[in-house]
Amino acid sequence: MKNRLLCALLALGLLALPGCERVPDPVEFTTFAMDTVMSFTLYGEPDRTGSVQVELSKQLRSLEDMLSVTAEDSFVYAVNHAGGAWVEAPDSSVLALLHDTLALCQATGGALDFTAYPAVMSWGFTTGEHRVPSPEELEALAAKIDYTAVALSDWAGPTRRGGIALPQGMEIDLGAVAKGYAGDRLAEAVRDKGISSALLDLGQSTITAVGTKPGGEPWRIGIVDPTRPGSYFAVVELADMAMGTSGGYQRYFEQDGVTYWHILDPDTAAPARSGLASVTVVSPSALTCDGLSTALFVMGLEEGTQFWRDHPELDFEAVFVTESGEICRTAGLEGRFFLAEGYTDREVTVLE
Ligand code: AMP
Ligand code: MG
């Protein structure tokens with residue numbers, strides 16, 4: 001009887017036991033943005049979570065309006081059709097995104113190159129009208145991919161905005177970093193509203209974890225098995241951390257028995273064939289996760305591992321899955337990376 005009363009009081013939330021705090025119900029919502037379904041889970045007081053929901057939707061719409069390559073009134077479209085002229089950035093944070101992206105292009109030696117857009121378009125990944133360009137066409141496209149030809153100026157206040165200029169014929173695409181950038185911006189908005197526990201899933205394996213779960217446990221996020229995209233082969237524990245995966249399984253088409261995916265090698269303008277099936281990056285910055293997962297996919301396992309060793313300042317860890325099914329993870333994921341149920345017999349190589 002006493003037990004039953006205790007249970008009833010606990011269930012009603014009228015009695016709090018030490019270590020047994022009542023967890024508020026999460027506010028969950030989904031939206032379609034940046035070509036994918038995004039879902040958000042927020043823990044907090046209802047008045048706060050309500051206003052955050054409005055704020056996140058507003059920010060996503062505004063990012064989409066600025067960064068879309070196809071919408072004719074977007075900032076990126078204006079840059080791509082300026083015929084070599086300078087185009088002012090709409091605000092200082094978009095200019096910061098361009099600077100950060102260019103810095104990642106430089107750091108990765110051009111494995112990430114945001115001027116790959118004419119090649120992306122040529123393969124039909126923008127429209128869905130897929131085709132395989134001829135070798136001559138690919139050679140011409142690869143010759144035009146060159147982030148070093150992009151001119152960026154700094155922001156010097158409202159009267160002298162910063163901007164960007166591309167050589168005639170060059171076009172940029174922020175598709176490799178936009179979801180990560182959005183993840184960082186949205187996480188900042190969530191924190192600014194006083195919410196300290198949230199999971200922002202920006203779709204296609206880009207996730208930002210704000211704080212921990214309400215009880216203090218880390219968020220546990222699955223990494224997709226590239227050979228069975230409905231299953232997760234591993235789980236990574238995240239607290240105030242982001243994670244992003246790039247893989248050939250995410251967007252591809254098949255022609256004459258060959259699979260062609262959306263991650264291109266800037267040297268060849270063709271799908272990157274580095275022997276990897278997917279790369280997952282874990283970092284406090286979602287932009288770093290997004291940009292580097294694409295770049296490491298282009299580099300491959302060996303070069304990617306060396307890149308990780310050489311760039312501790314980028315503050316990231318990585319999980320590589322090769323096309324032959326080998327799983328490799330960097331040493332810094334110790335205690336945060338676990339094989340998922342059904343995969344516990346798989347061997348994991350730790351990269352030092
Ligand atoms: P992600 O899905 O983040 O790996 O980014 C892939 C998207 O970025 C593609 O759909 C293209 O729009 C673009 N892209 C493809 N290859 C590259 C590359 N090597 N560097 C920069 N952007 C790329
Ligand atoms: Mg990316």
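Just so it is clear, the values below take in all heavy atoms, side chains as well, and ignore hydrogens, waters and symmetry mates. Given the structure is predicted, the values throughout are model-derived calculations rather than measurements. Just so you know, ligand 1 is whichever comes first in the structure, and atom 1 is the first atom listed for that ligand.
- Here Ala116 has no heavy atoms under 4.0 Å from ligand 1, in either its backbone or its side chain.
- No side-chain N or O of Glu302 forms a donor-acceptor pair with one of Gln306 less than 3.5 Å apart.
- In the model, Ser293 has a side-chain atom that pairs as donor or acceptor with a side-chain atom of Ser246 under 3.5 Å.
- A tilted orientation is assigned to the rings of Phe316 and Phe307, their planes being inclined by 30° to 60°.
- Between Trp261 and Phe297, the angle of the ring planes goes over 60°, which puts this pair in the perpendicular group of the 30/60° scheme.
- With ligand atoms numbered from 1 in the order given, ligand 1 contributes 19 (N) to contacts under 4.0 Å with heavy atoms of Pro266.
- From the protein, the heavy atom lying nearest to atom 1 (P) of ligand 1 is Thr294 OG1, 3.3 Å.
- Although no hydrogens or angles enter the test, the distance criterion places a donor-acceptor pair under 3.5 Å between the side chain of Arg251 and the main chain of Phe125.
- The closest donor-acceptor contact from the side chain of Thr206 to the backbone of Gly180 lies at 3.5 Å or more, if one exists at all.
- If you chain together hydrophobic residues whose side chains sit under 4.5 Å apart, Leu238 and Phe338 never meet in one group.
- No hydrogens or angles considered: nothing links the side chains of Tyr249 and Thr227 as a donor-acceptor pair under 3.5 Å.
- Of the possible donor and acceptor atoms, one in the side chain of Glu317 sits under 3.5 Å from a partner among the backbone N and O of Gly332.
- Looking at Arg346, its side chain does come within 3.5 Å of a backbone N or O of Gly325 through a donor-acceptor pair.
- The tally of protein N/O/S atoms under 2.8 Å from the Mg ion (ligand 2) stands at 4.
- The shortest N or O to N or O distance between Ser293 and ligand 1 is not below 3.5 Å.
- Near Ala111, meaning under 4.0 Å from one of its heavy atoms, ligand 1 places the atoms 18 (C), 19 (N), 20 (N).
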Carefully, step by step, assess Glu137 and Arg131 under the rule salt bridge (charged side-chain N to carboxylate O under 4.0 Å, His left out). CA-CA 12 Å; Glu137 202 180 339; Arg131 62 186 278 273; 2.8 Å; yes
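- For the residue pair Thr322 / Ser324, a side-chain donor-acceptor distance below 3.5 Å is found, with atom types taken as modelled.
- What sits closest to atom 21 (C) of ligand 1 on the protein, heavy atoms only, is Asp113 O, 3.1 Å.
- Ligand 1 has no nitrogen or oxygen under 3.5 angstrom from a nitrogen or oxygen of Val298.
- Heavy-atom proximity to Leu112, at under 4.0 Å, picks out these atoms of ligand 1: 20 (N), 21 (C).
- Counting only distance, with no hydrogens or angles, the side chain of Glu64 and the backbone of Gln59 share no donor-acceptor pair below 3.5 Å.
- Those atoms of ligand 1 that come under 4.0 Å of a heavy atom in Asp173, given as number and element, are 11 (C), 12 (O), 13 (C).
- Applying the 4.0 Å criterion to heavy atoms of Ser246 picks out, from ligand 1, the atoms 1 (P), 3 (O), 4 (O).
- Nearest protein heavy-atom contact of atom 6 (C) of ligand 1 is His262 CD2, 3.5 Å.
- Annotation: Ala176 places an N or O atom under 3.5 Å from an N or O atom of ligand 1; distance criterion only.
- For atom 16 (N) of ligand 1, the nearest protein heavy atom (residue, atom name, distance) is Leu264 N, 3.0 Å.
- Residue-level proximity to ligand 1 for Arg251 is carried by the side chain, the only part with a heavy atom below 4.0 angstrom.
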